[in-house]
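So you know, we letter chains A, B, ... as the sequences are listed, proteins then strands, and number each from 1.
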Number of protein chains: 2
Amino acid sequence: MGNRDKKVSMAVVRRLPRYYRYLGELLKHDITRISSKELSQRMGVTASQIRQDLNCFGGFGQQGYGYSVEYLYKEIGNILGLYNGYTTIIIGAGNLGRALANHSNFEKRGFKLAGIFDISDDLIGEEVRNIEIMHMDKLDEFVKLHRVDIAVLAIPKQGVSEVAQRLANLGVKGLWNFSYTDLNIESDVNIENVHLSDSLMTLSYQITQKN
Amino acid sequence: MGNRDKKVSMAVVRRLPRYYRYLGELLKHDITRISSKELSQRMGVTASQIRQDLNCFGGFGQQGYGYSVEYLYKEIGNILGLYNGYTTIIIGAGNLGRALANHSNFEKRGFKLAGIFDISDDLIGEEVRNIEIMHMDKLDEFVKLHRVDIAVLAIPKQGVSEVAQRLANLGVKGLWNFSYTDLNIESDVNIENVHLSDSLMTLSYQITQKN
DNA sequence: TCATCCTTGTTAATATATTGTCAATAAATT
DNA sequence: AATTTATTGACAATATATTAACAAGGATGA
């Protein structure tokens with residue numbers, strides 16, 4: 001049983017998608033089994049870390065054999081909730097909102113895009129990926145009707161706090177926040193921030209220090 | 001002097017942009033001084049961590065007073081290389097490439113967007129933000145002429161490895177990689193991956209475990 | 001000017017994360 | 001069927017990161 005009961009650290013959780021990705025590649029190449037040692041070499045991590053990470057969720061492997069790629073792939077997908085068919089909406093039909101709507105991995109990972117919202121009258125009625133852009137006035141009704149799980153926040157930081165609170169109140173479970181601000185919401189909604197500028201600045205730091 | 005000489009850990013580096021952001025907000029509100037204690041409360045971290053992080057780079061504060069917001073802001077900006085006027089290009093003029101080109105923070109943080117490249121003939125000649133989209137054939141010449149520092153990779157993963165190696169060979173210092181693959185380049189080029197799907201899957205995990 | 005208060009920079013203590021080791025055991029080989 | 005090899009899961013050892021504690025010294029106010 002080991003450490004399967006303990007709370008799993010975010011350090012481990014953030015590595016799961018990467019395992020999932022590599023296992024998916026192996027599957028594509030018809031590789032049916034993999035040892036932690038070989039996977040570690042492909043991924044550039046230690047075999048020990050892989051085994052320890054996986055054991056947070058269960059003993060998926062077999063001594064002397066390794067791991068079944070397909071089984072492990074599905075198990076991790078399951079842990080990540082990728083087969084739950086979460087319904088998503090995008091708030092903001094600007095460049096970023098559209099880019100995310102067209103992001104192929106989005107649907108490939110099992111997320112269903114149900115609606116896109118904006119406040120600009122020019123955009124209302126336009127279609128992105130066969131999904132009509134709706135006015136924010138319709139948001140509440142839509143979220144309740146379609147039982148939206150995840151909302152993608154692709155709007156400027158000025159309005160984001162109010163919208164985020166509104167979504168949380170409507171029962172949305174997760175906010176994927178691209179606006180350049182930290183959300184502080186009165187709710188137990190889960191928030192995942194993607195601060196693109198932060199990432200670029202980190203790259204800038206590395207260049208600066210090296211040269 | 002303390003730990004100023006030791007190699008700074010990425011955990012610390014990744015927090016710098018956030019400090020920079022909060023200090024910028026303080027500046028906007030005409031707050032001229034701040035203690036680690038008050039900043040820690042605003043940011044939701046420990047004061048100890050702030051002081052320890054900053055001391056990796058120097059003693060910017062003063063006992064009994066705290067930190068000068070403007071001074072600290074500029075110092076961190078400097079550490080991050082934001083005043084070096086790095087020249088950037090975007091590879092891929094699809095939705096994501098355009099979104100990033102139009103990203104206002106991009107220029108606000110001191111990065112100069114010099115060119116956008118694509119392979120699709122339909123797009124060549126079109127303009128995004130007054131910048132003409134050029135064909136990849138012109139890439140080598142352009143990078144050399146304009147001394148490009150950073151390239152943003154906003155193309156599908158199929159072609160990204162080859163392009164990345166090409167850019168590295170041309171002397172580009174940093175790659176900001178949005179393609180859903182890990183780059184393995186023969187060069188000392190710095191790579192910052194932004195795997196959007198990974199982030200969404202992490203959010204999915206959190207929702208799944210909680211409910 | 002002097003005493004008190006405040007806040008840093010630094011070091012020590014604690015907590016967390018990663019890596020190494022090995023007994024247990026299944027698979028592969030002889 | 002017996003032996004060797006491979007590999008896990010668990011745990012111990014190590015390394016890294018975070019937090020707490022505090023002496024040193026400037027700021028503040030009487």
When the distance from [atom1] of [X] to [atom2] of [N] is rounded to whole Å, what number comes out?
X        : N       : atom1 : atom2 : answer
Leu72(A) : dT7(D)  : CG    : C1'   : 14 Å
Leu54(B) : dT7(C)  : CG    : P     : 15 Å
Asp53(B) : dG9(C)  : CG    : P     : 12 Å
Gln41(B) : dT7(C)  : CD    : P     : 11 Å
Gln52(A) : dC11(D) : CD    : C1'   : 9 Å
Glu38(B) : dC6(C)  : CD    : C1'   : 14 Å
Ile34(A) : dA6(D)  : CD1   : C1'   : 14 Å
Gln49(A) : dA17(C) : CD    : C1'   : 9 Å

Indicate whether any N or O donor in one side chain lies under 3.5 Å from an N or O acceptor in the other, for [X] and [Y].
X         : Y         : result
His103(B) : Asn95(A)  : no
Ser68(A)  : Arg33(A)  : no
Asp118(B) : Ser120(B) : no
Asp198(A) : Tyr20(B)  : no

Counting only side-chain nitrogens and oxygens, does [X] get under 4.0 Å of the OP1 or OP2 atom of [N]?
X        : N       : answer
Arg14(B) : dA17(D) : no
Asn55(B) : dT8(C)  : no
Thr46(B) : dT19(D) : yes
Ser36(B) : dT8(C)  : yes

Of the options [options], whose atoms approach the side-chain atoms of [X] most closely?
X        : options                   : value
Arg51(A) : dC22(D), dG9(D), dC11(D)  : dG9(D)
Tyr67(B) : dT10(C), dT8(C), dT18(D)  : dT8(C)
Ala11(A) : dT18(C), dG9(C), dT18(D)  : dT18(C)
Ser35(A) : dT8(C), dT8(D), dT19(C)   : dT8(D)
Ser9(A)  : dA17(C), dA17(D), dT19(C) : dA17(C)

Q: Step through it carefully: locate the ring centre of Tyr19(A), locate the ring centre of Tyr73(A), and say whether they are under 6.0 Å apart.
A: no
Q) Any ion pair linking Arg14(A) and Glu192(A) (charged N to carboxylate O, less than 4.0 Å)? A) yes
Q: Please check if the side chain of Arg18(B) supplies one atom and the backbone of Met43(B) the other of a donor-acceptor pair under 3.5 Å.
A: yes
Q: Quick one: pull up CG in Leu170(A) and CG in Asp140(A) and give me the separation to the nearest 0.5 Å.
A: 4.5 Å
Dump the pairs, protein N or O against N or O of nucleotides 27-30 of chain C, anything under 3.5 Å, distances to one decimal.
{"residue": "dA28(C)", "atom": "OP1", "partner": "Arg33(A)", "partner atom": "NH1", "Å": "3.2"}

Q.
Assuming nearest nucleotide by heavy-atom distance, tell me which of Ser48(B) and Ser48(A) is located more 5' along DNA chain C.
A. Ser48(B)
